[in-house]
Protein chains: 2
Amino acid sequence: MLKKQLIMEKALELFSEQGFEATSVQQITERCGISKGAFYLSFKTKDELMISMVDYYLQQFIIDIDRVVKCVPNKETMLVEFYKSIFQAFREHSASSRVFLNEKAFIVKKELFDKVTAYEAEMSKSIIYMLEQLYGDTLHHTKYDVMYCIKGFMKSYAELFIFSDMPLDLEQLAQSLAEKTDIIARHTTIPFITEEFVSLIAKPYEKEITKDTLLQLMEQNMDHTEDSIEKESLELLKQQVEKTTYSRAIIKGLIENLRPDPAYNWIAYVSAKYFHI
Amino acid sequence: MLKKQLIMEKALELFSEQGFEATSVQQITERCGISKGAFYLSFKTKDELMISMVDYYLQQFIIDIDRVVKCVPNKETMLVEFYKSIFQAFREHSASSRVFLNEKAFIVKKELFDKVTAYEAEMSKSIIYMLEQLYGDTLHHTKYDVMYCIKGFMKSYAELFIFSDMPLDLEQLAQSLAEKTDIIARHTTIPFITEEFVSLIAKPYEKEITKDTLLQLMEQNMDHTEDSIEKESLELLKQQVEKTTYSRAIIKGLIENLRPDPAYNWIAYVSAKYFHI
DNA sequence: TATACTAATGACTAATCGGTCATTTGTCAA
DNA sequence: TTGACAAATGACCGATTAGTCATTAGTATA
């Protein structure tokens, strides 16, 4: 497990320097200080490494956004907090941003493309949720356009973090973009992106969370860990997925137990969606 | 010359399907129906092909934008025309957009990165010029932010053209984005990107047009052509670059002669800048 | 110490890569 | 028909690739 992480981190460095295709497994193992054989003990193929990396790096990003959107109590500051959180992530993980967020264009393998698209759809959902919280029904026919604008702001300004290492005032950037977003939300009258439009585009990639997929996800993360509150919570939660007997409060409690642990926070995120919590 | 174009077009298809590194010279020559040796008669290396392709495809894009920005007489419709022109290009050349515009992130070769960055800087200049025409001094401390927003809108909405083949109403899209741009321009109060900031980022890539670089560019495009008005115009213009004797009107006329021809429109664009026309 | 097991190694393979060059083909004028 | 020249070919090169597997090193148990 730790070996996997080491490989993913060194591979990220190399991919961000040279690109995926131009980086050889040899180079990765050299930077890790391990043998080629050891690499293939952790990952079946080079492609599988890339797929794992997408999960490893994008899940955290999605969870961060979702937390801000769901937890900030003050509507006045939500947009600012949202942007601050986003760009903080860009700054701290500029290498992974370079590799994964900008852009899907060079992701030519369908499986990877679908994965990245699915994560982006998750992000879009969080943004839409935020806009609904902030503006309610007044925005109902332009909210998808506002979402596209927000994603555009992210892409455009992310460049500053990804391609230069200048010191940037996060607070002012967030203020500036929050103001722009608010202006757009309040004044836009001509919509372009409609709800059915979004559903047409997004649907093919959208994987709904079924009992089976969730159980499978849980089993994958079951083994490699010693006894702990987290492990017990996960086991109980798994039983509840198979047959729900506890109250929603208990289930929520179990989920919250898992959330802080990086090894389980994606399971927590998905479980919360599954139980509609 | 025609062989070069054939190779670039087939290579574009393959790069857009598989990416640059994953596409072999073999594959390119097979799709062209030529031998491997013939490829290396046109391009010294695979890298040189990519560099030529950046020029070939991005120059046209830059020229298109600049024409709209400089020639649309009506300020009321300029933003709409600007967006219409941009997205028309995305629609018609979705393959090259996929390869070049989204994103620089996977361009790991410095020479290519600098080239793409330089072309993007040209685009930024056109956008700034447009904003100055439209809003004048009232925008002077937020114009760079508005430019970044415009580029964000482009990146975000371009996705629709690049990753889906749905029929899209260009007119309505342009109207929608023009409205958003206008709203942002009129209401933004908190700037983030300042002039010195832009100069700090852009300068390293900015190549000024010197007499020598322009002459060099002209010489490169001198040979492969039979006698024509265009060729004569180019020769006269070259003399004027070496030693200016004619009036500005005549020089402008010569430049305009070159503009319509795809083989010379980049020279026309650069010459106009050189002579400040 | 002996045994049993897993973790790790790196030489190896078959395939493919970008790039070269002796050779052939095609096209002119003489 | 010939000779001269340019255009095009594809077998070939050394280097590198992803992936394999017989072997070894390390560790825990008995």
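Given the structure is predicted, the values throughout are model-derived calculations rather than measurements.
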- Task: With a 4.0 angstrom cut-off to heavy atoms of chain B, pull out the first and last contacting nucleotide of DNA chain D, in 5'-to-3' order.
- Result: D:dA8 to D:dG10
- Query: Considering only heavy atoms from C-beta outward, does the side chain of A:K125 approach that of A:E120 to under 4.5 Å?
  - Reply: no
- Item | Option passing side chain to side chain contact (heavy atoms under 4.5 Å, CB included) with B:I28 (candidates B:L12, B:I34, B:L49) | B:L49
- Donor-acceptor pair, side chain of B:E21 and main chain of A:F20, under 3.5 angstrom: no
- Any donor-acceptor N/O pair, B:T213 side chain to B:I209 backbone, under 3.5 Å: no
- Aromatic ring pairing B:Y157/B:F87, orientation class (parallel under 30°, perpendicular over 60°, tilted between): perpendicular
- Note on the structure: Counting primed atoms, P, OP1 and OP2 as sugar-phosphate and everything else as base, the B/S/- map of nucleotides 7-23 of chain C against protein heavy atoms under 4.0 Å is -BBB------SBBB---
- State which residues pass ring-ring contact (aromatic ring centres under 6.0 Å, His included) with B:F61; sequence neighbours excluded, sorted by chain then number. B:F90
- Say whether, by atom type as modelled, one donor and one acceptor occur between the side chain of A:Q27 and the main chain of A:S24 under 3.5 angstrom. yes
